[in-house]
Amino acid sequence: MSTEAVKSELLRLRRERDLYLRLLRLSEQNDLEPFLNDALELIVEITGAACGLLELYDGEDGGEERRWSIVHGFSERQVESVRAAISRGIISRALATGSTIVTASAADDPRFRDRESVQMSRIDAVVCAPIGG
């Protein structure tokens with residue numbers, strides 16, 4: 001194995017170790033708001049995203065009304081634009097199936113590409129996870 005390959009592997013292992021340490025610390029958090037703040041920060045960092053939006057909806061009402069929200073890297077104006085572009089169909093599917101929706105491009109994903117909100121907003125990468133049971 002070359003020196004560069006060894007360095008690259010060591011860097012990957014350090015990142016993985018650091019991720020697990022942060023997840024362990026995150027799991028120790030008892031307050032919801034700091035937990036979600038830290039979780040969003042970690043998700044944005046790990047995925048290399050420039051921005052992130054984490055919103056909680058109540059599945060009891062069909063996921064129509066937002067209960068809580070936090071953003072990372074968006075201006076207030078951008079947040080409203082993102083909210084207007086969010087596909088309620090993707091959220092509804094995640095809630096209905098109880099499964100996490102992950103796609104690199106909703107606009108190219110056969111499950112969502114025909115949805116008007118996806119086409120109009122040109123929605124790309126999506127992670128939508130139902131939490132709770």
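The neighbour count for Arg77 CZ, taken as heavy atoms of other residues, nucleotides or ligands under 6.0 Å away, does not exceed 12. The number of heavy atoms from other shown groups lying within 6.0 Å of CZ (Arg122) does not exceed 12. Within 6.0 Å of atom CZ in Arg111, more than 12 heavy atoms from other residues, nucleotides or ligands are found, so the atom counts as buried in its surroundings.
Residues Arg83 and Glu80 are paired through a salt bridge, judged by an N-O separation under 4.0 Å between the basic side chain and the carboxylate.
Taking every heavy atom of both residues into account, Cys51 and Gly73 meet most closely at SG-O, 3.2 Å. Residues Ser69 and Glu55 approach most closely at OG-OE2, 3.2 Å, considering heavy atoms. Nearest heavy atom pair, residue Thr100 against residue Ala129, reads OG1-CB, 3.6 Å. For Cys128 against Ile91, the heavy-atom pair with the smallest separation is SG-CA, 3.8 Å. The two residues Pro130 and Ser99 come nearest to each other via the heavy atoms CD-O, 3.4 Å.
A single hydrophobic cluster is not seen to contain both Met120 and Leu53; linkage of ILVMFWY side chains at heavy-atom distances under 4.5 Å, directly or through other members, places them apart. Tyr20 and Phe35 fall within a single hydrophobic cluster, where Ile, Leu, Val, Met, Phe, Trp and Tyr side chains are chained together by heavy-atom contacts under 4.5 Å. Put simply, Ile43 and Ile46 are part of two different groups of oily side chains (I, L, V, M, F, W, Y) that touch within less than 4.5 Å, one to the next.
Considering only residues two or more places apart in sequence or on other chains, Glu45 meets the side-chain contact (heavy atoms from CB on, under 4.5 Å) condition with Arg22.
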> Can you list the steps and then say if Glu28 with Arg25 is a salt bridge (charged side-chain N to carboxylate O under 4.0 Å, His left out)?
Replying inline: CA-CA 5 Å; Glu28 295 169 355; Arg25 287 188 198 117; over 6 Å; no
>> Set out, in order, the CA-CA distance, both residues' side-chain angles and the distance that settles side chain to side chain contact (heavy atoms under 4.5 Å, CB included) for Leu11 and Lys7, then state yes or no.
In response: CA-CA 6 Å; Leu11 180 59; Lys7 286 181 183 179; over 6 Å; no
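As a member of the Ile/Leu/Val/Met/Phe/Trp/Tyr network built from side-chain separations under 4.5 Å, Phe112 groups with Ile90, Ile101, Val118, Ile123, Val126.
Residues Leu54 and His72 fail the side-chain proximity criterion, which asks for heavy atoms closer than 4.5 Å.
Note that the CG atom of Leu42 and the CG atom of Asp18 stand 10.5 Å from one another [nearest 0.5 Å]. Between Arg17 atom CZ and Arg12 atom CZ the span is 12.5 Å, to the nearest 0.5 Å.
Judged by distance alone, the side chain of Ser8 and the main-chain N or O of Glu4 form no donor-acceptor pair under 3.5 Å.
With hydrogens and angles left out, the side-chain atoms of Gln78 and Ser81 include no donor and acceptor closer than 3.5 Å.
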